[in-house]
Amino acid sequence: MASVPSLASTVQQRLADGLSAALPDAASADPLLRRSDRADFQANGILALAKQLKGNPRELATRVVAAIPENDVLAEIEVSGPGFLNITVTDAAIVRTLAARAADARLGVPFNESAGTTVIDYAQPNVAKEMHVGHLRSAVIGAAMVEILEFTGESVVRRHHIGDWGTQFGMLIQYLIEHPHELDHKAEDGAEVSGEEAMSNLNRLYKASRALFDSDEEFKTRARARVVDLQAGDEETLALWQRFVDESKIYFYSVFDKLDMDIRDGDVVGESGYNDMLVETCRILEESGVAVRSEGALCVFFDDVKGPDGNPTPLIVQKSDGGFGYAATDLSAIRDRVQNLKATSLLYVVDARQSLHFKMVFETARRAGWLNEDVKAVQLAFGTVLGKDGKPFKTREGETVRLVDLLDEAIDRASAVVREKALDLTEEEISERGTQVGIGAVKYADLSTSAARDYKFDLDQMVSLNGDTSVYLQYAYARIQSILRKAGDAKPAAHPELALAPSERALGLHLDAFGELIAETAAEYAPHKLAAYLYQLASHYTTFYSECPVLKADTPEQVENRLFLCELTARTLHQGMALLGIRTPERL
């Protein structure tokens with residue numbers, strides 16, 4: 001089914017037609033339509049137009065209104081103030097437009113068949129290291145943007161640029177060679193180890209190898225030689241390196257599974273995946289003059305990037321000893337994503353503290369011609385997760401909070417809330433709902449904050465039934481499902497002939513804005529806007545529910561129409577929450 005024009009776009013078109021008829025010289029002027037507290041919509045465009053035409057704005061506005069023929073969409077247009085237009089639409093137009101949305105599985109949201117290809121770089125843990133609270137935002141924000149962009153028609157390629165290369169692997173591999181049973185892959189009963197056991201093995205091995213590296217000079221020498229073997233592609237060394245990667249993936253996937261995220265093995269392309277491109281990347285940059293040798297290192301300089309001493313701070317692509325830094329890998333990844341994956345957009349969901357690095361990498365790629373008018377790169381930079389005290393989130397001992405511990409606590413808190421409210425659920429159902437509510441609470445707290453801002457991690461607030469929380473939205477959805485179950489023979493049906501109460505109108509107009517909101521969220525890479533829309537939707541529904549009896553409405557037609565509003569609200573909540581990666585349980 002084709003996308004459904006929103007009431008806003010229909011009103012916009014009627015106003016544009018009126019402008020064209022009344023003021024032919026202003027045929028292309030924008031009416032500047034927006035939602036308003038004084039009416040359904042307000043148009044402010046005639047004020048700017050009056051300056052352009054050197055006319056009286058109220059007189060021009062009156063002429064435009066007179067040029068709009070009577071129709072079944074616009075109930076009233078009032079000229080207000082210096083020349084604003086306050087516009088009220090008909091109740092019938094609201095219900096008809098919502099009925100068209102309800103008839104479409106996509107709720108009338110446009111699907112762009114000719115959209116481009118976006119590569120999203122997100123969820124980037126490090127091999128042989130535990131995931132902590134700092135990994136949460138990249139995973140949650142990135143996964144939401146994948147869903148949102150795919151829903152609008154974008155072809156999305158997921159990329160998890162895991163840290164799977166570097167000098168620390170010499171230490172780890174050498175230790176494993178000398179202690180060959182440290183990563184034995186079976187538990188005592190013969191079963192494969194769990195994610196938690198895999199991480200425990202890796203932690204133990206990392207600590208032991210680090211202690212030996214720091215205390216034993218001969219081991220340190222052997223470990224450094226092993227780095228050379230790894231970078232040279234020695235088969236035995238690579239095989240042991242692969243064991244670390246595989247063991248880490250068991251752990252990664254267990255955490256992502258707890259986060260209710262779909263991470264596919266083929267999408268995991270770590271730093272090592274670009275090794276074969278590094279030399280050529282440097283050659284291209286040097287031969288083209290984009291990068292130059294400085295004190296033996298291959299560097300790219302920028303006029304506007306200077307260090308504390310006032311001297312230019314370069315992007316170092318290759319070190320003076322011949323080793324490659326992050327820049328070489330990131331630039332090679334851009335080459336791969338543009339040339340092989342045919343990306344038209346590159347979206348990096350990365351900590352704001354890396355903004356300078358990515359600014360320099362993107363500018364270097366532009367100078368090299370890999371980014372241009374047809375291919376853009378954007379960093380979706382995110383802020384820090386803070387504790388209740390407003391400081392970076394740490395344990396009482398001052399250590400970084402393990403992500404698994406944080407998620408487990410969220411599930412425990414949510415399960416307690418579900419157990420208190422749901423008297424008719426089994427323990428198994430409470431456990432399932434508690435997981436969905438707890439993980440949803442963590443994701444929503446993250447996504448409802450603008451990515452660039454820091455936010456406080458407060459589990460008490462996150463699992464509250466009141467306020468801007470996912471639990472509030474999930475509860476609104478479950479309440480609607482309860483009403484629909486109790487409706488008996490009464491079925492949801494749109495009745496455009498009925499007059500709407502104020503709270504029905506407010507709910508209907510907000511429902512109708514869903515398609516435009518999704519487009520805006522996708523274009524701006526701003527999932528917090530979708531979260532805000534859904535919270536407002538649940539709030540509108542709560543007001544409607546308190547003011548408008550549904551099953552005890554005055555007439556059978558009114559019952560059907562209010563059930564129709566309930567059902568469309570539930571579908572919109574369900575779809576919107578799914579795009580954020582949050583479950584909507586049928587019962588809570």
Can you confirm whether more than 12 heavy atoms, excluding those of [X], are under 6.0 Å from its [atom1] atom?
X	atom1	value
D489	CG	no
R35	CZ	yes
Y475	OH	no

If you measure only the distance, is there a donor-acceptor pair under 3.5 Å linking the side chains of [X] and [Y]?
X	Y	result
Y253	D265	yes
E557	N561	no
Y251	E196	no
D260	Q436	no
Q124	H160	no

Main chain of [Y], side chain of [X]: is a donor-acceptor contact present, judged purely on distance under 3.5 Å?
X	Y	answer
N112	G153	no
T344	T117	yes
S464	D460	no
T10	S6	yes
D121	Y348	no
K388	K456	no
N126	K129	no
S138	A123	yes
H510	L507	no
K443	L259	yes

Minimum side-chain heavy-atom gap [X]-[Y] below 4.5 Å:
X	Y	answer
V268	I263	yes
T152	F111	no
T469	Q474	no
W370	Q339	yes
H357	F362	no
I94	L500	yes
I411	I439	yes
E429	R587	no

Could you tell me the separation between the [atom1] atom of [X] and the [atom2] atom of [Y], rounded to the nearest 0.5 Å?
X	Y	atom1	atom2	answer
L85	N44	CG	CG	8.5 Å
E78	Q42	CD	CD	9.5 Å
R337	K342	CZ	NZ	15.5 Å
S448	H528	OG	NE2	10.0 Å
R419	I430	CZ	CD1	5.0 Å
S415	E420	OG	CD	12.5 Å

Task: Evaluation steps, side-chain hydrogen bond (donor to acceptor under 3.5 Å, both in side chains), between H161 and E271 - done: CA-CA 6 Å; H161 190 87; E271 295 167 4; 4.9 Å; no

- [ ] Would you verify whether the NZ or CZ of R106 falls within 45 degrees of the ring axis of F151 while also being under 6.0 Å from that six-membered ring's centre?
- [x]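 Yes, R106 lies over the aromatic ring of F151.
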
Task: Cation-pi check, R159 onto Y122 ring (under 6.0 Å, within 45° of axis) - done: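 Geometry flag: not set, cation outside 6.0 Å or 45°.
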
Task: Inter- and intrachain pairs under salt bridge (charged side-chain N to carboxylate O under 4.0 Å, His left out), touching residues 497-525, at least two apart - done: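 For residues 497-525: D40-R505, D91-R505, R101-D512, E504-R562, E520-K529, E524-K529.
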
Of all heavy-atom pairs between [X] and [Y], which one has the smallest distance, and what is that distance?
X	Y	value
V418	R433	CG1-CB, 3.9 Å
S470	V437	OG-O, 4.3 Å
N86	S80	ND2-CB, 3.4 Å
T543	S503	CG2-CB, 4.2 Å
L530	L580	CD2-CD2, 3.7 Å
V109	G515	CG2-CA, 3.9 Å

Task: Contacts of type ring-ring contact (aromatic ring centres under 6.0 Å, His included), residue Y472, not counting sequence neighbours - done: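 Residues passing ring-ring contact (aromatic ring centres under 6.0 Å, His included) with Y472: Y535.
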
Open item on the list: Test side chain to side chain contact (heavy atoms under 4.5 Å, CB included) on L573 and L537; report intermediate values, then the result.
Closed with: CA-CA 8 Å; L573 279 171; L537 177 59; 3.9 Å; yes

Task: Salt bridge R158-D262, side-chain N to carboxylate O under 4.0 Å - done: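 Salt bridge flag = no for D262 with R158.
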
Task: Pair R137 + D351, salt bridge at N-O below 4.0 Å - done: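 Not counted as a salt bridge, because no side-chain N and carboxylate O are separated by less than 4.0 Å.
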
Task: Residue pairs fulfilling side-chain hydrogen bond (donor to acceptor under 3.5 Å, both in side chains) with at least one residue in residues 567-581, sequence neighbours excluded - done: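 Residue pairs with at least one partner in residues 567-581: H574-T584.
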
Task: Sole candidate of L33, L32, D30 that passes side chain to side chain contact (heavy atoms under 4.5 Å, CB included) when paired with L15 - done: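 The option that passes is L33.
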
Task: Centroid-centroid under 6.0 Å between F544 and Y541 rings - done: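 Here the rings of Y541 and F544 have centres that are less than 6.0 Å from each other.
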
TODO: List the steps and the verdict of side chain to side chain contact (heavy atoms under 4.5 Å, CB included) for T88 and I77.
DONE: CA-CA 6 Å; T88 302; I77 307 181; over 6 Å; no

TODO: Kindly indicate, with the supporting measurements, whether the criterion side chain to side chain contact (heavy atoms under 4.5 Å, CB included) is fulfilled by L386 and F457.
DONE: CA-CA 6 Å; L386 306 175; F457 196 93; over 6 Å; no

Open item on the list: Please evaluate residues M131 and F256 with respect to the criterion side chain to side chain contact (heavy atoms under 4.5 Å, CB included), reporting the C-alpha separation (whole Å), side-chain torsions for both, the decisive distance (0.1 Å), and the verdict.
Closed with: CA-CA 10 Å; M131 291 178 70; F256 290 130; 3.8 Å; yes

